[in-house]
2 protein chains.
Amino acid sequence: MDKKSPIRITLTTRDETVTITQWVYSTLRHAVMNGQILPGRALTIRELASILDVSPMPVREALRQLAAENALEIQGNRRVMVPRMTAMKFNELCEARITLESHAAARALPYIDKERLQLLIALDKEIDQAHDEGDLEQITVRNQRFHRTLYTSNPHQITLPLIESLWLQLGPFMRLANSKLEEHYTIDRHNEALQAIERKDALALQIAITADIREGFAFAGTPELLHSFIEESASA
Amino acid sequence: MDKKSPIRITLTTRDETVTITQWVYSTLRHAVMNGQILPGRALTIRELASILDVSPMPVREALRQLAAENALEIQGNRRVMVPRMTAMKFNELCEARITLESHAAARALPYIDKERLQLLIALDKEIDQAHDEGDLEQITVRNQRFHRTLYTSNPHQITLPLIESLWLQLGPFMRLANSKLEEHYTIDRHNEALQAIERKDALALQIAITADIREGFAFAGTPELLHSFIEESASA
DNA sequence: CATCTATTTTTGTGATCACAAAAACTTGCT
DNA sequence: AGCAAGTTTTTGTGATCACAAAAATAGATG
């Protein structure tokens, strides 16, 4: 049944209030974001349907949606796969993140009141906690929650879907970033960001966000390291 | 059959090499981009299927894809519509365009050789031509082609899908922008951009792109005008 | 006339089927 | 063994059906 590498997807019990398509979507999204499906691996509707124990229809819709978000790639053959990564593309994705996210942060700043700042401080504490416990998965989740909460402070914000698309594309590699992060013992720049928010200093906030993102991928700054794990996913 | 306002969609003959879903997708995309479907109007799968004379299936897939690109909005009711616009959201979309597109332009600059520059110059001439002929539709089309060609000069570029998502969200209102543009006789900033490219001056290029985008929506700078045509689309 | 309730219709979701195209596999030849 | 042609299987696409939920309509009641 499994010709190539067997796909191992974490299954969560489905909330009954949610459509099957939505459940399949978030399941596959999570799998992509955590690098559970290696780039280049051909995904077929029926195979995924059988793994998730649903009919092909919801899988079809979820795949199309993920492809529209650039999380998956539809080849000319109409075949779907996780896009392969290149060093140049990786770099472009990081730079795009920096540009978009510092923009979103600056535009959110005027809307952050005292209680929202307290919320952000609390979320930052939770990241440190996950860090202490060495829970890599939770570090990623809570880090994303921190950024998402910051940007959505702006009630008219429209960039989050674009930012999440970038996260999805970097997803499989964020995971590795965090695993290396253990060694490097990187301290994030969230404190700097929080102080900038308190001072209502937009420029300082942008600088902090930029540094936070850049240092998060600092491990990839050494070309050999970057290359090594891009090659790792080059298996057809 | 048509309870609300009748939907008028420009139909193109379908290329046989392309799937029905793809044809439906680009047809609907074009309709949204040109404001042929007014915001707030509820779209049903079967109605569109009958208008386009296809089975419900391709429409279903196309709608989901457009929703994933933020061109359409799925409400809690599972009902699909073109999102309504607000003045604040309009402003956010413009600012996001400026940030993303000047980023994309700067990152493309190193890859623009002499012949690509010539191509851009030719495309710019075509815009002037459409301008002389007073063809509003072609002005928009060719203007987008100019920008797209500029950004895709970077072979590793990954921001175009995000930029196109913003174009789609502004789509219904770009049309009005251009209609007002007739009166204002706006001169675009493409010449400035082209000169900056020739000098390999990234900052000047970003300034030109920023001005080009901002002036394209300058008409909306007067709050009463902006408000007037946003209200225009407020009909449920 | 307005407002709530019951009934009918419409709609999205998901399942299943048919079919042509693409892969994968088998076979035969050098 | 290496490779090309033919065969079988698998796959995405699109059509159609069933069903529960939502919306529209009709009716009744104040």
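Sequence lines set the chain letters: A, B, ... in the order given, protein chains first and strands last, and positions in each chain run from 1.
Using a 4.5 Å cut-off on side-chain heavy atoms (C-beta onward), M33(A) and Q144(A) make contact. Residues R107(B) and T159(B) are not in side-chain contact: their nearest non-hydrogen atoms beyond the backbone lie 4.5 Å or more apart.
Across all strands shown, R79(A) has heavy atoms under 4.0 Å from sugar-phosphate atoms exclusively, and none from any base. Contacts of L63(B) with the nucleic acid, taken as non-hydrogen atoms under 4.0 Å apart, are absent. Nucleic acid contact for I74(B): none, since no nucleic acid atom lies under 4.0 Å from a heavy atom of the residue.
In this structure, the CG atom of L48(B) is 13 Å from the C1' atom of dG12(C), given to the nearest Å. The interatomic distance linking Y25(A) (OH) with dT13(C) (C1') rounds to 18 Å, in whole Å. The interatomic distance linking D53(A) (CG) with dG14(C) (P) rounds to 14 Å, in whole Å. Remark: P of dT11(D) and CE of M57(A) are 17 Å apart, rounded to the nearest angstrom. Remark: C1' of dT16(D) and CD1 of I45(B) are 14 Å apart, rounded to the nearest angstrom. Here dG14(D) presents its C1' atom at 11 Å from CZ of R64(A), a figure rounded to the nearest Å. Between the P atom of dA20(C) and the CD atom of E16(B) lies a distance of 15 Å, rounded to the nearest Å. The nearest whole Å value for the distance from the CZ atom in R60(A) to the C1' atom in dT16(C) is 11 Å.
Taking 3.5 Å as the limit, the base of dG12(D) and the side chain of R46(A) contain a donor-acceptor pair of atoms between them.
The phosphate of dT10(D) has neither OP1 nor OP2 within less than 4.0 Å of any side-chain N or O from T44(A).
Summary of the strand contacts: T21(A) and N77(A) both lie near DNA chain C, and taking for each the nucleotide with the nearest heavy atom, the more 5' one is attributed to T21(A). Each of P56(B) and R78(B) lies near DNA chain D, and the nucleotide nearest P56(B) is the one positioned closer to the 5' end.
Looking at H147(B) and D212(B), their side chains do bring a donor and an acceptor atom within 3.5 Å of each other.
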Please determine whether side chain to side chain contact (heavy atoms under 4.5 Å, CB included) holds for the pair R79(B) and T44(B), giving the CA-CA distance in whole Å, both sets of side-chain angles, and the decisive distance to 0.1 Å.
CA-CA 7 Å; R79(B) 198 144 253 192; T44(B) 67; 4.2 Å; yes

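Not counting sequence neighbours, the partners of H103(A) by the side chain to side chain donor-acceptor pair (under 3.5 Å) test are T99(B).
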